Each structure stands twice: as C-alpha cells, then as structure tokens.
Amino acid sequence: MQIHNLTQGSQAWLQHRAAHHNASDAPAMLGVSPHRTRTDLLHEAACGLRPEATSEELARYQRGHRFEQLARPLAEQIIGEELAPLVGSQGPYSASFDGLTLTGEIAWEHKTFNDELRACLAPDCDGADLPEHYRAQLEQQCLVSGCQRVLFTASQWSLDGELIEMRQCWYTPDPALRRRIVDGWAQFERDLAGYTPQAAPLEAVGRAPQQLPALRIEVSGQVTASNLDEFRERAIAVFEGINTDLQTEQDFADAEKTTKWCKEVEDRLEAGKQAALAQTASIDELFRTVDALKDVARQKRLTLEKLVRQRKEEIRAALVTEALAAFRQHTAALQAEIGTAVDLRIGQPLFGEAIKGLKTLASIREAIATALANGKIEADARARDVREKLAWLAQNAVNHRALLADLQQLIDKPLDDFERAVTARIEQFERQRAEQQAKAQAENLQPSAPVPSAAGAPSASTVALAATDVAQPPPAPAGPPTLRLGKINEYLAPVSVTADGLTGLGFPPAATDKSARLYHAADFPRICDALVRHIYSVTQRVGQEALANYARQLRQNAAPSH
C-alpha cells in the first residue's frame, strides 16, 4: 500500500479521490448505497460535479468527526495498539482510514450510531451481519491495506463528551465480495468511458382542471366599476409571450426577474380580491377570474423557476464535460510522447469544486478555463518529471530494465530517491551475480570439468546445481497480482517464456484475468534469478554431454579394428 500525506477535505485530498476508486464510493458503485445511486456516481465521476452539502449534512459530518475522535481511545484499548488515521492506495484503489495499526494488520472504521446499526450490532454479531453498504467499504479497505481484520464501531456521545452508547464487531475479508468490487470497478470504468450526461426531465407542475361554475349566492350589492376584462386580456397576452427557451445570460436574468414579477401579480390579484370582498360586492365572476389569473401566474412562475435551475445545471455539466475532454486530449498527447513504459496517471482538475457556488455563466466559464489551464500546467510538469527519470534510466540502467518491473511505483518517487532506489537495486543484483559466479567456480562447474565416467551422466557438481535450479520463491507479497505474462516477455525480449515454463520454475500464476496470467511484480527479480540458474545448469549439462560424446568417439577411434 502506498501512503499519502493528505488532510481529509483538502484540495489535495479531493484531487487524490478524483484520480482513484474510493472505498467510500464502493457501495454506490455496486448499487447498494442508501444515499447515492450508481448513476449519481457516474455523473459525478464524468463531470466532476458533487452536490453541495446542506447545512444539515454539514452538521452531521461535524458530529461524526467529533464522535470519531472521542471513540478513538476506546478503539485503541480494544485493539491494544495505537491507531493512525491515513489515506492509502493500491493501484487504482484508494481508502481513507479512520485508523490503522503500525503493522497494518488491523484497521478501524467508525460510524455514528443509528437505528440500523442498533438492529444489527448485537453482542454476538460479526462483520457478516453488517448491511452490505458498510461491508463494501470495509472490504475495499482490506483490499487497499492488506489488513487481516477491521474493528467496526458505532458510537453516540452527549454534547459534553459523555458516552451514550457504543457497539462494535470484527470484520474479516470476504474474497467473494472483493471479487465483486474489483469486477464492479472494471465495469464502472467501461461505463464511464461511454457516459454522456443526460438532462434530468423537468418535473411536471400539476394543473387543475377547468374550474367549475362558482357557487352562486345572491347578496346585496354588486360590482359597480372594474377594468377586469381589460386586465384579463392584457395579462393573458403577457403570460403567453414570456420566453421559456433559456440560452443566454440575458435569458436567465429575464427569467429570474419574471418569476418575481409573476409572484407580484399573484399578490396583487389576491389583494384585489380581498379588497372586493371587503366591499361586500357581488363578486362571483370577479373571484373566478382572479383565481384563474392567479393560477396562470403561479404556473408560469413555477415553470420558469424550474427551467432556470435545470438549464443552469445542464450548461454547467456541458461546460465541465467539454473541459474534461480537452484535458484528456492534452494528457493523451503527453502519454503518447512518453510511450508505454509508464502510465502518467495524471489527476484531472477539480472543475466541480472550481465552479461551486458560482451563479453567472461568465464566472463559471472563467473558473473552468482557469482550472483547465492549471491542470495542463500540472500535467506538463508531471510529464517533464517522468521524461527526466526515463532519460536517466536510459543512461544508467539500460542493461538492467528487467529489475524494474515495479517502475510504475518507482517513478512516483522524487528524482533523488528514484535514482538511489534504482542504483541500490542494480548494485544488489551485481553483487548476487558475482557471488553466484564465484560459487560456480568454486564448485568446478566450468565447461572444462572432468568427463563423467558414464556417457551422458551428469557430474556431481552438475547435479548439485540442478537441485537448486528451481528453488521455491518466498511467499508472494500482499496485494493483488498485476504483472502480466506478456509484460514479462516484453522485459525478457528476445527471450520468451510460457506460463507452464514459469510454473516449472516454481512460479505458477497468482491469478488470471480472462485469458491473461497474472504474477506478483515483486517476484520478477526472483523469476529472472531462477531463469539464470536454469540456463546455467542446462549449459553445464549440455557441455558435459558434449565432452562425454567426444571422449566416447575418441575411444571408439582408438579401439583396434578386427
């Protein structure tokens, strides 16, 4: 696991999340989250737009952070070790841990106590009893960290920090759920590649049927003077002429102004109605006309308000999508220049954060343009750094590329650390090779070794080497295998190996992806070492056989003929 020094909620933390598949998003990705749909997550990932938290949500987040801090000492007592909150990643997967032990064997996850957790966290429960949306997050934490179990706690505290209630259980990794998560993120990436934001349908505003004739009640008095007919005709014409095709900044300004005007018309009509009622006039027709006009004004106002919100969201999403396409085109050109040796893995700009809270289209466009420019600058700097490191490798490690199967991880180190790490690896390899050569010489395993007593029989020293030819490798490191057989052959070119051949050397595939065989990247140096020893033993055996055949031929030639 790679640890990232990030503060939760910071811009760097948000940038990291935008470039990874996050454990907290795994429930939504699987379609089991009670808070977000999978479509919501796709839209957020494609557009970089996250819904802004309400005041109630912000208060809930703050309360959860406070409860977490209060519960941490209790969790440390249960585990018996200190817990460090941190952010870690394993390839494309990431997780923010409430706590992780120093050895990384135990993780801690805290939630605010609620009725759902009260129902499942019985005294004898375990992690399998948790709702699936909690288990999906915990399983990805295990995938990222390689931990053996997770302490899951839920607590509630008073305002003065007194514990009200706390329950806990232990979660252990679930291979079936992990496979679902890995496959689910792979499908999510495929869906994301072809995703096009869709406009949400405008919610219909109900209209009442044509009004029934008003209940006629004859009272003393009548309307003596009114411009109601003229007002009605004029109002209807104005309402029908209101623009609802919102495109420009002026259209939005007019629409927002018109919604306020419609509300004023509603208020004025209501005031007129009340004034007429106060005069106790015969107002049957007046009331029906005023109510109808009020309904027309209200419907127009509601429609315009919804159109303003919807069109602004559509335009925001379109602008962000356009900027993302431009940024991806820029990074694709940089990647093509770098080649396939290293994936640049450049995080995309946080366009959604850049336009949060902005109201006018001009300010939104400006913010997106600025974020795109800054993103390209950072991408260029990343590409420049990678080019510099690859150039150093070409000068200093051209004959040792087989030792750099984990180049993707090494390339993220600062240049000085990168050079030191590669240099140390080369020096260690050369020492081991020198030791092996010295050992071979000490065992008299040179081609000039004595001819074996029996034709074709290997010498004792050859047998000794063959016995160590296929040594069992140490246990594979934690984490998913990512090194493909094709990549191994690319490193070894022009030599190539097969999956059966590697199995014969003691390296069976650690996993499969469809037809591809996967191995642990950290095993590559040991694979190379096993290949070298195997080739050397074959060289000695063939050499011994050649010498034996030569000696046999000499004996036959020297034998007297009859």
Side-chain angles (χ1 to χ4, degrees), residues 8-9 13 17 21-41 44 50-79 83-87 94-100 106-145 147 149-174 177-178 180-181 184:
Q8 186 172 354
W13 179 76
R17 285 180 58 85
H21 299 318
N22 303 290
S24 58
D25 293 331
M29 177 274 296
L30 291 176
V32 299
S33 171
H35 310 297
R36 281 192 301 173
T37 66
R38 189 173 186 272
T39 301
D40 291 337
L41 186 62
E44 293 173 18
R50 298 187 304 119
E52 296 188 20
T54 64
S55 57
E56 292 80 5
E57 289 173 335
L58 290 174
R60 186 168 66 250
Y61 298 155
Q62 292 175 356
R63 184 169 62 253
H65 291 319
R66 186 171 69 90
F67 288 0
E68 175 188 328
Q69 295 301 320
L70 291 170
R72 185 180 304 278
L74 301 181
E76 291 176 337
Q77 290 179 8
I78 296 173
I79 295 174
L83 294 167
L86 54 85
V87 177
S94 177
S96 297
F97 298 90
D98 292 339
L100 198 65
I106 301 177
W108 174 55
E109 178 64 23
H110 178 270
K111 300 294 183 185
T112 300
F113 207 81
N114 56 38
D115 291 338
E116 180 185 34
L117 291 172
R118 180 177 288 106
C120 66
L121 288 177
D124 57 346
C125 72
D126 60 25
D129 299 317
L130 292 171
E132 191 172 21
H133 59 277
Y134 291 118
R135 289 188 283 114
Q137 179 181 0
L138 299 178
E139 186 60 42
Q140 184 157 329
Q141 290 181 352
C142 295
L143 167 64
V144 171
S145 65
C147 67
R149 55 179 181 162
V150 182
L151 176 63
F152 180 90
T153 64
S155 68
Q156 188 173 10
W157 303 74
S158 66
L159 293 177
D160 57 359
E162 293 294 329
L163 179 62
I164 298 176
E165 189 171 7
M166 176 172 168
R167 298 185 188 181
Q168 64 275 335
C169 69
W170 287 98
Y171 178 86
T172 54
D174 179 352
L177 179 56
R178 181 172 301 189
R180 281 180 58 202
I181 291 173

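None of these values were measured; they are calculated from a predicted model.
For Arg178 against Cys142, the heavy-atom pair with the smallest separation is NH2-CB, 3.4 Å. The two residues Leu70 and Gly161 make their nearest non-hydrogen contact at CD1-CA, 4.2 Å. Of all the heavy atoms in Gln168 and Thr153, the pair that sits closest is CB-CG2, 3.6 Å. Nearest heavy-atom pair across Ala95 and Gln141 is CB-CG, 4.0 Å. The nearest pair of heavy atoms linking Ala26 to Ala136 is CB-O, 4.1 Å. Considering all non-hydrogen atoms of both residues, Leu138 and Glu109 come closest at CD2-CB, 3.6 Å.
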Pair Lys111-Gln137, side-chain contact (heavy atoms from CB on, under 4.5 Å): steps then yes or no: CA-CA 12 Å; Lys111 300 294 183 185; Gln137 179 181 0; 3.1 Å; yes
May I have the step-by-step check of side-chain contact (heavy atoms from CB on, under 4.5 Å) for Phe67 and Leu163, ending in yes or no? CA-CA 9 Å; Phe67 288 0; Leu163 179 62; over 6 Å; no
Between Arg17 and Ser24, does the side-chain hydrogen bond (donor to acceptor under 3.5 Å, both in side chains) criterion hold? Intermediate values first, please. CA-CA 10 Å; Arg17 285 180 58 85; Ser24 58; 3.2 Å; yes
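In this structure, Arg36 contributes its side chain and Ala28 its backbone to no donor-acceptor pair below 3.5 Å. Remark: side-chain polar atoms of Asn22 are not paired, donor with acceptor, to backbone N or O of Asp25 under 3.5 angstrom. At distances below 3.5 Å, at least one donor-acceptor pair connects side-chain atoms of Asp126 with backbone N or O atoms of Ala128.
Put simply, OG on Ser145 and CG on Leu86 are 9.0 Å apart, with the number rounded to the nearest 0.5 Å. One distance of note links CG of Leu83 with CD1 of Ile78; it measures 10.0 Å at 0.5 Å rounding. Atom CG of Leu58 and atom CZ of Arg63 lie 11.5 Å apart (nearest 0.5 Å). Atom-to-atom distance recorded for Leu41:CG and Met29:CE is 8.5 Å, nearest 0.5 angstrom.
Evaluation of the side chain to side chain donor-acceptor pair (under 3.5 Å) rule for Arg149 yields no partner, not counting sequence neighbours. Ser155 pairs by the side chain to side chain donor-acceptor pair (under 3.5 Å) definition with His110, Trp157, not counting sequence neighbours. Taking the side chain to side chain contact (heavy atoms under 4.5 Å, CB included) definition, one finds that Glu165 meets it with Phe113, Arg118, Arg167, sequence neighbours left out.
Neither side chain, Arg60 nor Thr112, offers a donor N or O lying under 3.5 Å from an acceptor on the other. In this model, a donor atom of one side chain and an acceptor atom of the other lie less than 3.5 Å apart for Ser158 and Asp160. Under 3.5 Å, the side chains of Tyr171 and Glu139 contain a donor-acceptor pair of N or O atoms.
Residues His21 and Ser94 are not in side-chain contact: their nearest non-hydrogen atoms beyond the backbone lie 4.5 Å or more apart. Residues Ser96 and Trp13 have side chains in contact (heavy-atom distance under 4.5 Å, counting atoms from C-beta outward). Put simply, the side chain of Cys125 does not reach to within 4.5 Å of the side chain of Cys120, judged on heavy atoms. By the 4.5 Å heavy-atom criterion applied to side chains, Ile106 and Leu100 are not counted as neighbours. Between Leu121 and Leu130, some side-chain heavy-atom pair lies under the 4.5 Å cut-off. A 4.5 Å side-chain heavy-atom check between Val150 and Phe97 finds every atom pair outside the cut-off.
Using a 4.0 Å cut-off between a side-chain N of Lys or Arg and a carboxylate O of Asp or Glu, Arg180 and Glu132 qualify as a salt bridge. Taking the charged nitrogens against the carboxylate oxygens, Glu68 and Arg66 have no contact shorter than 4.0 Å, which rules out a salt bridge. Electrostatic pairing of Glu76 and Arg72 does not count as a salt bridge here, judged by no charged N lying under 4.0 Å from a carboxylate O.
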